[in-house]
K.L.:
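Before I ask anything, let me first share the structure, which is written out below as C-alpha cells.
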Number of protein chains: 2
Amino acid sequence: MAKRNEATRGRLSREAIIVSAVALADAEGLDAVTIRRLAQEHGVTPMAMYWHFNDKDSLLDGLAEHLIEAVQLPEPGDAPWDQELREILDAFLAAIRPHPALAGLAMRRILAAESGLLIAERVLGLLRRGGFAPAQAAEVGTFLICSIITLAVADAVPGPPPTGEEREQALRDKRARLESLPPGRYPNVIAAAPALVVCRDEDDYFSLNLDLLVGGLHGLRRG
Amino acid sequence: MAKRNEATRGRLSREAIIVSAVALADAEGLDAVTIRRLAQEHGVTPMAMYWHFNDKDSLLDGLAEHLIEAVQLPEPGDAPWDQELREILDAFLAAIRPHPALAGLAMRRILAAESGLLIAERVLGLLRRGGFAPAQAAEVGTFLICSIITLAVADAVPGPPPTGEEREQALRDKRARLESLPPGRYPNVIAAAPALVVCRDEDDYFSLNLDLLVGGLHGLRRG
DNA sequence: ACCTGAACACCGTTCAAGT
DNA sequence: ACCTGAACACCGTTCAAGT
C-alpha cells in the first residue's frame with residue numbers, strides 16, 4: 001500500500017517506526033500494532049524491523065518509553081507535598097490520556113527508562129516529604145502510578161475504536177439492558193445506569209478519582 | 001498429546017473448557033490460552049471449540065465470568081457503610097488474586113453477568129449510604145473495582161511465569177540496576193529500590209492500598 | 001550498516017460435510 | 001447435537017544471503 005517514502009522520507013528508523021506505531025494504536029487499537037503491518041506501512045519487508053528492534057517486546061518497550069517521555073513534569077516548587085504530587089499525577093495522566101490503547105504498556109515499564117525514573121524519583125521524594133518511609137513510599141507510589149494508568153486505560157475499548165454511530169448505538173443498548181434489570185434486586189445499578197455506561201464528563205471522572213487517591217494518602221499510617 | 005478423556009471424561013463442555021483455560025492461564029499466562037491449544041488439551045480439533053463458544057472473545061467473557069463468580073460476597077450486615085464496603089473489596093481481591101493473568105479480563109466485563117451485577121449493586125448501595133449521588137457512586141465505584149483489579153494484575157508478568165530460580169535472578173538484576181543509579185539524581189529511587197522491585201509482603205501491599213482507597217472516600221465532596 | 005527471500009511454527013475463523 | 005477436514009488470511013521469528 002504505502003510506498004517507501006510515504007511514511008518516512010529517507011531511511012527507516014526506530015523513531016519513525018515508533019511514531020507510526022503510536023498512530024496505528026490510536027486509530028485501530030494495540031492489536032493492530034503488528035510487525036508485519038508496520039513494515040507494510042513503511043514499504044519494507046517485516047524482517048527489516050528486526051534490525052531496529054530485537055523483537056516485538058522491545059518495540060512495545062519503545063512505545064512505552066515514548067509515552068512516558070511525553071510527561072511534562074512540573075518544576076519542583078515550594079507547594080505542600082500533596083499539592084505538588086497532585087500536579088505530577090495530573091501531568092502524567094494528561095500525557096497518557098490521548099493514547100488509551102498504549103497506556104497499559106507503561107504499567108510494568110516505568111522504571112525501565114530515564115524519563116520514568118525521573119517521575120518515580122519525584123513521586124517518591126514527595127511521599128517521603130509526606131512522612132512515608134521508603135518502602136511504604138514505594139508501595140503507595142507504585143499503586144498511584146498504576147491507578148492513573150488504569151484511569152486512562154478505562155476508556156479504551158480493545159480492538160478498533162468503533163465509529164461514532166455504532167458506538168452510540170452500543171452505549172444505548174448497554175444502558176437499556178441495565179435499566180431493564182429487575183428493579184427489586186438492582187435499584188442502585190438502575191439508578192446509576194447512565195453514569196455506569198459512560199461518564200458524563202471525563203474530566204470530572206478523572207479529577208474525582210484523583211482527589212480520592214491523593215486524599216486517601218492523608219489517612220494512611222506512616223512509618 | 002492429551003487423549004480425549006484425559007482432561008474431561010465424556011463430552012466436551014463449556015465448563016470443562018473454561019476450567020482448563022483457567023489452569024493454563026495460571027500456569028503459562030494469558031497468551032498461552034489459545035483456541036488451538038485448548039482443543040489439543042481436550043483431544044479435539046480446534047473447530048470443535050466453535051460449537052461451545054462463538055469466538056475467542058466469548059471464551060474470554062466466560063473466563064471473566066468464572067472469575068467473578070468466585071467472589072464470596074459477605075452477607076449485608078449493619079456495619080458502617082465504609083467497613084462493609086471494605087469487606088466487599090477484600091472479598092473481590094481475594095477471589096481474583098490467585099489468577100493474576102486473568103484478572104484484567106474482569107475490568108470491562110463486571111456488568112456483563114449476574115455475579116458482577118450483584119457486586120456492583122452492593123458497592124453502589126454502600127456508596128449511596130455514604131452520601132454519594134448515583135452518578136458519583138457510579139464513577140467512584142467503577143474506579144474502586146478497576147483499582148482492585150489493578151492491584152491483582154500488578155504481580156502478573158506477561159508470558160509464562162519464570163521458574164523460581166530465574167525469577168530470583170531477574171529481581172536481583174533489576175534491584176542492582178536501580179541501586180547503581182547516580183545517587184545525586186535518584187536518592188529516593190535508590191532508597192526504595194528493594195521495595196520497588198518486589199514488595200516485602202503482598203498482604204501488606206494490598207491492605208495498605210485498600211486503606212488508601214477506602215480512606216480516600218471520606219475526603220470526597222458528595223452531591 | 002541495512003535490508004530481502006524463503007521458510008517455520010504458530011494464530012483465529014469459515015464453511016461444508018460427516019455422524 | 002456435536003465434531004471433523006480443508007482452507008484462508010493472518011501472526012512473530014530465524015537464518016542465510018544480498019548490497
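Within every chain, numbering begins at 1; the chains are lettered A, B, ... in the order of the sequence lines, protein sequences first and strands thereafter.
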K.L.:
Is A/His66 close to A/Val22 at the side-chain level, that is, under 4.5 Å between some pair of heavy atoms?
P.N.:
yes
K.L.:
Can you tell me how far P of C/dG12 sits from CD of B/Gln40, to the nearest Å?
P.N.:
12 Å
K.L.:
Look at the side-chain N and O atoms of B/Thr34 and state whether any lies under 4.0 Å from the OP1 or OP2 oxygen of C/dG12.
P.N.:
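Yes, such a contact exists.
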K.L.:
Using modelled atom types only, decide if a donor and an acceptor are shared between the side chain of A/Glu179 and the backbone of A/Ile190 within a distance under 3.5 Å.
P.N.:
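Flag not set: sc A/Glu179 to bb A/Ile190 has no pair under 3.5 Å.
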K.L.:
Mind calculating the distance between CG (B/Leu30) and C1' (C/dC11) to the nearest angstrom?
P.N.:
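Going from CG in B/Leu30 over to C1' in C/dC11 covers 14 Å.
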K.L.:
Return yes if some donor-acceptor pair links the side-chain N/O of B/Arg122 with the main-chain N/O of B/Leu117 below 3.5 Å, else return no.
P.N.:
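Side chain of B/Arg122 to backbone of B/Leu117: no pair is present.
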K.L.:
Give the nucleotide from the list D/dC11, D/dT4, D/dC3 with an atom nearest to the side chain of B/Thr45.
P.N.:
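The answer is D/dT4, which lies nearest to the side chain.
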K.L.:
Short of 4.0 Å, heavy atom to strand atom, which residues of residues 46-59 of chain A count as contacting DNA chain C?
P.N.:
A/Met47, A/Ala48, A/Trp51, A/His52
K.L.:
How many whole angstroms separate atom CG of A/Leu12 from atom C1' of C/dT4?
P.N.:
13 Å
K.L.:
Can you name the closest pair of heavy atoms from B/Glu139 and A/Asn209 and give their distance?
P.N.:
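That closest heavy-atom pairing would be O-ND2, 3.6 Å.
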K.L.:
Can you tell me if B/Gln40 and B/Arg37 form a side-chain donor-acceptor pair at under 3.5 Å?
P.N.:
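Judged by distance alone, the side chains do not pair up.
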K.L.:
Let me know, please, whether A/Arg36 or B/Arg36 comes out on the 5' side of the other along DNA chain D by nearest nucleotide.
P.N.:
B/Arg36
K.L.:
Using whole Å, what does the distance between atom C1' of nucleotide C/dG12 and atom CG of A/Asp31 come to?
P.N.:
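It works out to 12 Å between those atoms.
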K.L.:
What is the separation between atom CG on B/Leu60 and atom C1' on C/dT13, rounded to the nearest whole Å?
P.N.:
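Rounding to the nearest Å, CG of B/Leu60 and C1' of C/dT13 are 15 Å apart.
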K.L.:
Is a side-chain donor or acceptor of A/Arg177 paired with a backbone partner of A/Arg172 at a separation under 3.5 angstrom?
P.N.:
no
K.L.:
Examine distances only and state if a side-chain atom of A/Asn188 and a backbone atom of A/Ala191 form a donor-acceptor pair shorter than 3.5 Å.
P.N.:
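It does not hold such a pair.
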K.L.:
Check the side chains of A/Ser13 and A/His52 for a donor-acceptor pair under 3.5 angstrom, ignoring hydrogens and angles.
P.N.:
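No donor-acceptor contact under 3.5 Å links the two side chains.
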K.L.:
Is B/Glu121 reaching over with its side chain to a backbone N or O of A/Val189, donor-acceptor style, under 3.5 angstrom?
P.N.:
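Judged by distance alone, yes, a pair lies under 3.5 Å.
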K.L.:
Report the distance from atom CD1 of B/Ile35 to atom C1' of C/dC10, rounded to the nearest whole Å.
P.N.:
14 Å
K.L.:
Give the dot-bracket string for DNA chain C, reading 5' to 3', where a pair is Watson-Crick or G-U wobble with both distances under 3.5 Å, ( ) marks pairs inside the strand, [ ] marks pairs crossing earlier ones, | marks a partner on another strand, and . marks unpaired.
P.N.:
||.|||||...|||||.||
